[in-house]
Amino acid sequence: MSQVTDILQNLDYGVAPESAQLAEDWLNEHGRTFGHYIGGQWVAADTTFATINPATGTELAQIGQGTEATVNQAVEAAGVAFGTWNSLPGAERAKYLYAIARQIQKHARLFAVLESMDNGKPIRETRDVDVPLAARHFYYHAGWATLAEEEYPHHGPVGVCGQIIPWNFPLLMLAWKIAPALAMGNTVVLKPAEFTSLTALLFAEICQRVGVPKGVVNIITGDGETGKALVAHPNVDKIAFTGSTEVGKHIRRSTAGSHKKLSLELGGKSPYIVFDDADMDAAVEGLVDAIWFNQGQVCCAGSRLLVQESIAEEFYARVRRRMAQLRVGDPLDKATDIGAVVDTTQLERIHQLVEQGVAEGAEKFQPECTLPAQGCFYPPTLLTGVEPASTVAQVEIFGPVLVAMTFRTPSEAVALANNTIYGLAGTIFSQNLDIAHDVAAQIKAGVIWINGTNFFDASVGFGGYKESGFGREGGREGLEEYLVRDLPTAEAPRLPVIDPLPDVDPDIDRTHKLYIGGKQVRTDSGYSLSLPLATGGMADISRGNRKDIRNAVEAAEAAASGWAGTTAFTRAQILYYLAENMQGARHQLVESLTARGQQSAEKEFDATIHRVLHWAAWADKYEGTVHQPPLRAMVYTRPEPLGVVGIINPAAPALLGFIGACLPAIAMGNAMVAVPSAHNPLPALELFRIIEASDIPAGVWNIVTGLPEELESTLAGHDGVMALWHFGESAAQAKAELESAGNLKQMWTPSGPLDWHTTPSTEWLRRATQVKNIWVPYGA
């Protein structure tokens, strides 16, 4: 037996095992075989597959393989339950959410042990992070269930929600999705990851125990084919997915044209920026949490270390010393820092990517540590000397692997941080808060942590930019993903079919030009559309093509950052000036409306002026908020512009629809490429000189005329376009959604014609922005 004096000499850790008996007993009670939870009862599965403890390689249980019939049964049960559940007063729904939260707390130890066994993560993480935060989500959203009707008038639940969660945080991701969905009156069909289904099945038991009405919560297990059937089901009204970017793109394509509401929380390659004035010890400890928490299997892991050059070597040395103290081993040992990787396939992927990084010139450091003889373990790894374009700097490794680069100036740090297709999170360590907040504002990511990392709370939104997906989970932003706003609609206008005349010889073509980069320019092809006028004669309109769209996007990209950086007050004043100049051109604009025989041109013009004033008023009033999570930190939000927005404008009303669609995007700081009505683009063309005279910077508002069907594909597929609003026909909307999956741009495709004469809601502003949450811890 070791003597106390011996222990004090070597300071070796002692093992502190957590008993697995509670989880083993629960598994044995079920005969280690599980079906699906559908309609409030357990349904046996025709076939099963094994779920494996990744730390030992032993089988834990047999899990049901869901089929298309399983999905049909679950969706039908959720559909039947929806009316009753939604009709319950919010305070009644809250009682169920409170009861669920309490049961999670009562069974916290079982949940924690079962999660560690099924996933491989250390018991300290499941016990101290995952389970308490899951309970917090149900408590928090119980309150929102009570307040929903008061705080969200003119909103309603989406309906039946299909939810697909990953294997890295099985219970926590379940809570993130189910709690807001139920609070807002939706019913759910949830599919956990095939590797880690056990805590979802335990959660189903809790729902049964507290008496959640039958069909409100349905849990079906299975592989990717089960998830694919859920996504494709016609009676599912929303899909909420957390997982890989590749699968997210498949879901975007699969749901194209279905008008399913969609939220995607996908991959990341988050920067961890350390300035030379940082508290280095705190930054090192934060780094341990950022990249070695949950074996690095975290979508927002700080996997790209960016260190100011002057302190790089000293900081690397401290990191290496700290890595040598990390314990890799049994997840149920409370002294373990790094547990098991979830599966042998993931383990092999980590190994291959690290070796590829070394082959591309990186220097690998792994501390001396003895890995367990069995199970899926990988040592903590640091790769230095990494180039920004190398594979390991761009690809999400999803393992305990940190890649390191250096920078000299804050602007270089921002450039490196944004040099990725992802935009989920970022961390900044600096004692100079002026620099920290300035850099936080410039990083293109949905969550920024200052002098800390990996803070989460139910009251704070979480989600990404770019190919990290769209939509938010947590806070008000997360609630809104499970609500639909009633938008006023109108009857579809009866418009003639456009029958363009043959192309005109460009040498004799006299047409209205395009408006790109603040200038009137000829179309790339020189071709035109000749549209008949109701008053007689013809109007020649430039027939834009894909090259014109690309030129317009390039101009918008060049202008986007400058316009986004313009103060909201300045943007408001410019829009007021636009209204003033439009009023001065009243005669020309009214004449352009009557040119094709439209009635009530004066009324439409007046409504348009009111619409400009409306969005000018909102430009400096749609502001962020401050959250106070239950820890010593403050979180403030920034509603930020999306970037370049493409807009396929409605066919009618020509002027009001054009202004009504474009102005909220511009008011919120976006640059844009607009395709006006092909039936009457004349009002948009009359705006060229007015825009030029109204101080709107060149490139912020680009207008390309032509046939939408010849232009929308280029807008939908262009990687420089961050969002596409399509107010055209359903078939065209579906095609654009399908083609937008390449960079996962945010799409808005309202079903049916909108009533453009009704004063619009802030839904437009929500669509024109993305919310960044910035965490700032405080205290001595």
Side-chain angles (χ1 to χ4, degrees), residues 8 10-13 122 124-125 128-129 270-296 298 300-328 334-338 363-369 379-386 400-410 413 416-417 425-440 443 447-456 631-635 774-780:
L8 290 175
N10 55 40
L11 293 179
D12 281 345
Y13 282 102
R124 286 189 298 129
E125 296 176 9
D128 298 342
V129 179
S270 300
Y272 190 100
I273 305 172
V274 182
F275 285 92
D276 58 7
D277 64 346
D279 179 335
M280 281 203 279
D281 288 334
V284 169
E285 288 307 307
L287 190 59
V288 170
D289 189 34
I291 184 58
W292 292 301
F293 174 69
N294 197 21
Q295 297 72 254
V298 183
C300 59
S303 55
R304 286 189 299 145
L305 172 62
L306 308 178
V307 188
Q308 198 148 21
E309 191 174 74
S310 58
I311 63 165
E313 290 308 317
E314 180 183 357
F315 191 78
Y316 292 161
R318 294 189 186 207
V319 171
R320 292 185 183 104
R321 285 198 297 272
R322 185 65 180 86
M323 291 172 67
Q325 297 170 352
L326 296 174
R327 294 196 70 180
V328 182
K334 291 186 283 290
T336 292
D337 297 300
I338 299 177
E363 181 179 340
K364 179 174 71 173
F365 171 79
Q366 293 174 332
E368 293 184 9
C369 63
T381 302
L382 171 65
L383 299 177
T384 53
V386 174
V401 180
L402 177 66
V403 301
M405 293 168 277
T406 62
F407 66 89
R408 296 181 180 178
T409 64
L416 286 170
T427 300
I428 302 164
F429 267 85
S430 172
Q431 294 301 300
N432 186 329
L433 291 182
D434 290 339
I435 289 178
H437 288 284
D438 184 49
V439 170
I443 293 176
V447 181
I448 302 294
W449 296 292
I450 294 176
N451 292 328
T453 197
N454 273 354
F455 298 131
F456 303 98
L631 66 158
R632 296 178 66 82
M634 175 190 74
V635 185
I774 301 175
W775 288 74
V776 186
Y778 59 81

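Heavy-atom basis, side chains included; hydrogens, waters and symmetry copies ignored. As the structure is a computational prediction, the values presented were derived from the model and not from experiment.
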* What closest approach, in Å, do Pro410 and Ile435 show between heavy atoms, and which atom pair accounts for it? -> CG-CG2, 4.5 Å
* Ile338 CD1 to Phe293 CZ distance, which is reported to the nearest 0.5 Å -> 12.0 Å
* Got Leu287 and Val319 here, is their nearest side-chain heavy-atom distance under 4.5 Å? -> yes
* Asked: Phe407: what forms a ring-ring contact (aromatic ring centres under 6.0 Å, His included) with it, not counting sequence neighbours?
  -> Phe275
* Less than 4.5 Å apart, any side-chain heavy atom of Ile774 and any of Val635? -> no
* **Approximate separation, where rounding is to 0.5 Å, of Met323 CE and Leu402 CG** => 7.5 Å
* To do: State, to 0.1 Å, how close Ile291 and Ala301 come at their nearest heavy-atom pair, and which atoms those are.
  => CD1-CB, 4.2 Å
* Asked: Going by heavy atoms in the side chains, are Pro380 and Val328 under 4.5 Å from each other?
  -> yes
* To do: Not counting sequence neighbours, which residues clear ring-ring contact (aromatic ring centres under 6.0 Å, His included) with Phe456? List them please.
  => Trp449, Phe462
* Between Phe365 and Tyr316, does the ring centroid distance fall short of 6.0 Å? -> no
* Interatomic spacing from CZ in Arg327 to SG in Cys369 - rounded to 0.5 Å -> 11.0 Å
* Asked: So how far is it from Ile428 CD1 to Ile443 CD1, rounded to the nearest 0.5 Å?
  -> 4.0 Å
* With side chains defined as the heavy atoms from C-beta onward, is the minimum distance between Leu305 and Val274 less than 4.5 Å? -> yes
* Closest contact, heavy atoms only, Ala413 versus Ile273 -> CB-CG2, 4.2 Å
* Structure fact -> Sorted by chain and residue number, the side-chain hydrogen bond (donor to acceptor under 3.5 Å, both in side chains) partners of Glu363 (sequence neighbours excluded) come out as none
* Specify the closest pair of heavy atoms between Leu306 and Pro271, including all atoms of both residues, with the distance to one decimal. => CD1-CB, 4.0 Å
* Structure fact -> Closest non-hydrogen contact found for Val298 with Asn294 is CG2-CB, 3.8 Å
* **Asp289 versus Thr453, side-chain donor and acceptor atoms under 3.5 Å** => no
* Asked: Short question: side chain of Thr381, backbone of Pro379 - any donor-acceptor pair under 3.5 Å?
  -> yes
* To do: Report yes if the side chains of Leu631 and Trp775 come closer than 4.5 Å at any heavy-atom pair, otherwise no.
  => yes
* Inter-residue atom distance Thr384.OG1 - Met405.CE, 0.5 Å rounding -> 11.5 Å
* Closest heavy-atom pair and its distance - Leu416, Thr406 -> CD1-O, 3.6 Å
